[in-house]
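The structure appears right after this line, and notes come after that.
First listed ligand is number 1; within each ligand, the first listed atom is number 1.
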Amino acid sequence: MKKVVKFGGSSLASAEQFKKVGDIIRSDASRRYVVPSAPGKRHSKDTKVTDMLYACYALAEADKDFSAALQKIRARYDEIIKGLGLKLNLDSEFKTIEKNFKDKAGSDYAASRGEYLNGIIMAEYLGFPFIDAAEVIRFDAKGNFDADTTDSLLKKRLEKNEYAVVPGFYGAYKNGTVKTFSRGGSDITGSIVAKAARVDVYENWTDVSGFMVADPRIIEKPANIEMITYRELRELSYMGAGVLHADSIFPVRKEGIPINIRNTNAPEDPGTWIVESTCQKSKYTITGIAGKKGFCAINIEKDMMNSEIGFGRKVLQAFEDNGISFEHTPSGIDTMTVFVHQDEFMHKEQSVVSQLHRLTSPDSIEIESDLALIAVVGRGMKSTRGTAGRIFSALAHANVNVRMIDQGSSELNIIIGVANEDFEAAIRAIYDIFVLVRI
Ligand code: ASP
């Protein structure tokens, strides 16, 4: 059995957290490859080291004095080193960083030092070899992640190392220039390492015990999701369920490697398993509920639209020409509605409307704003009768007016449009009917 273990910033924010992580790794010899993030927040008002690095580099780039800012960053690491009782001295590392900041090595380089230094400390603490991600994670000339080159570079290095620490979040171009993934990207590194080492499990350790059925800011102490498929997760992440970087599932998904989300502060909790496919039914018919506010619906009406070939294409063309992506397009006999993000659409609405007139000669165009979309996701819905009925009667009881319904042909999700102000009440009503009442 081989595992990759990735630890998020809050799991590595202090020496105390590092010790918990050390205990977790040492308690299971199959936890062989460790991917650390940079130190995160120690408390809610704290600053992540990554953000400190960006701010410090901004000073350097503006030719301002950054020594105090860099000293503060160093203090975070020195505190961890001291708390762990290590004899590690970061003098030469910080000299190099200072020089490179002065030479304007770039904000990606700057941000990557958070993970790089934490990786050095982690390797020293565990007695594992350190592999610099810049040597094994490759980006192509266009700045895209180069999966094939990375896989072969990384595979070769890991074959020579039974145990290793590979810092998260960054890699490099062929010429060695450092490049980072987007924020939260250590999750992606974990997945890349898991794939290259062909491990059995990718454990992703964070500060919550996995995914919850609904957002805890809306539902008090929501139930945990024990098992979720990659496809369900895509639907929920897209609709705003956080925890894991959305791109991190791709490398492992191709290899059929499951991800287990775990809690560093409650290691006994089983967490959430993310799998390709499963015969296990989810506990509550639905797997999860997620949603977002801030959508607009553009209703286009035209008699006989249904028989006009190419009508839908022309409608979408008007959005494409204005660089706006659409979310959903429910349609009737003589109407078609396009859901878009309000903040993207707002500035371009008149240009879209005139383009729609030009391309489709509609009878009328109406715009509704301040709408929310809610996705009710679950592999179990396909085989359960009455799911939609239960959702809509729950919403009716909660006095929520449903503005749009869209069920994907995969029967994996039902998307519901409601007014922004009904968003929380709608989620509560759906949660109650499936999780609390379980009728
Ligand atoms: N440290 C980086 C960030 O704050 C990457 C990560 O933690 O995954 O975004």
Side-chain angles (χ1 to χ4, degrees), residues 4-14 17-18 20-21 33-58 69-70 72-74 76-77 80 93 97 101 105-123 130-134 136-137 139 143 145 150 165-172 178-195 202-208 210-211 233 237 240-252 259-265 274:
V4 162
V5 283
K6 180 261 168 182
F7 291 89
S10 58
S11 300
L12 299 167
S14 64
Q17 289 297 91
F18 253 80
K20 290 186 197 167
V21 167
Y33 300 115
V34 182
V35 176
S37 281
K41 294 184 182 189
R42 290 161 294 185
H43 46 82
S44 61
K45 291 203 176 72
D46 204 8
T47 311
K48 285 175 155 199
V49 164
T50 308
D51 292 316
M52 294 169 85
L53 284 160
Y54 278 123
C56 179
Y57 185 72
L70 195 60
K72 267 198 189 152
I73 295 166
R74 166 127 200 211
R76 290 284 311 259
Y77 288 106
I80 294 171
E93 294 295 349
I97 293 171
F101 274 31
S107 64
D108 276 18
Y109 165 79
S112 75
R113 297 305 86 183
E115 272 68 12
Y116 170 81
L117 294 167
N118 233 16
I120 290 178
I121 298 176
M122 179 65 88
F130 172 78
I131 298 176
D132 187 353
V136 286
I137 295 198
F139 289 87
F145 169 60
T150 299
V165 173
V166 186
F169 190 37
Y170 70 95
V178 167
K179 170 154 176 61
T180 62
F181 292 107
S182 57
R183 295 299 303 265
S186 298
D187 285 340
I188 307 174
T189 310
S191 185
I192 293 166
V193 176
K195 179 186 173 195
Y202 167 23
E203 285 181 351
N204 186 298
W205 291 79
T206 176
D207 51 9
V208 288
F211 283 91
L233 182 64
S237 312
V243 184
L244 194 70
H245 192 297
D247 291 346
S248 62
I249 64 174
F250 297 115
V252 284
I259 306 176
N260 186 199
I261 308 282
R262 299 285 290 269
N263 188 350
T264 302
N265 304 317
I274 308 166

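The closest approach between Gly114 and ligand 1 stays at or above 4.0 Å for every heavy atom of the residue.
Close approach to Ser37 involves these atoms of ligand 1, each under 4.0 Å from a residue heavy atom: 6 (C), 7 (O), 8 (O). Those atoms of ligand 1 that come under 4.0 Å of a heavy atom in Arg183, given as number and element, are 3 (C), 4 (O), 9 (O). When each atom of ligand 1 is checked for a heavy atom of Glu115 under 4.0 Å away, the hits are 1 (N), 2 (C), 5 (C), 6 (C), 7 (O). Ligand 1 places these atoms under 4.0 Å from at least one heavy atom of Ser186: 5 (C), 6 (C), 7 (O), 8 (O).
By the 30° and 60° cut-offs, the orientation of the rings of Phe181 relative to Phe139 is tilted.
Side-chain contact check for Leu233 versus Leu244: some heavy-atom pair is nearer than 4.5 Å. At a threshold of 4.5 Å between non-hydrogen side-chain atoms, the residues Phe18 and Ile121 count as touching.
The shortest N or O to N or O distance between Gly184 and ligand 1 is under 3.5 Å.
Residues Tyr116 and Glu93 bring a donor and an acceptor atom of their side chains to less than 3.5 Å of each other.
The pair Lys41-Asp207 does not meet the salt-bridge criterion, since no charged nitrogen lies less than 4.0 angstrom from a carboxylate oxygen.
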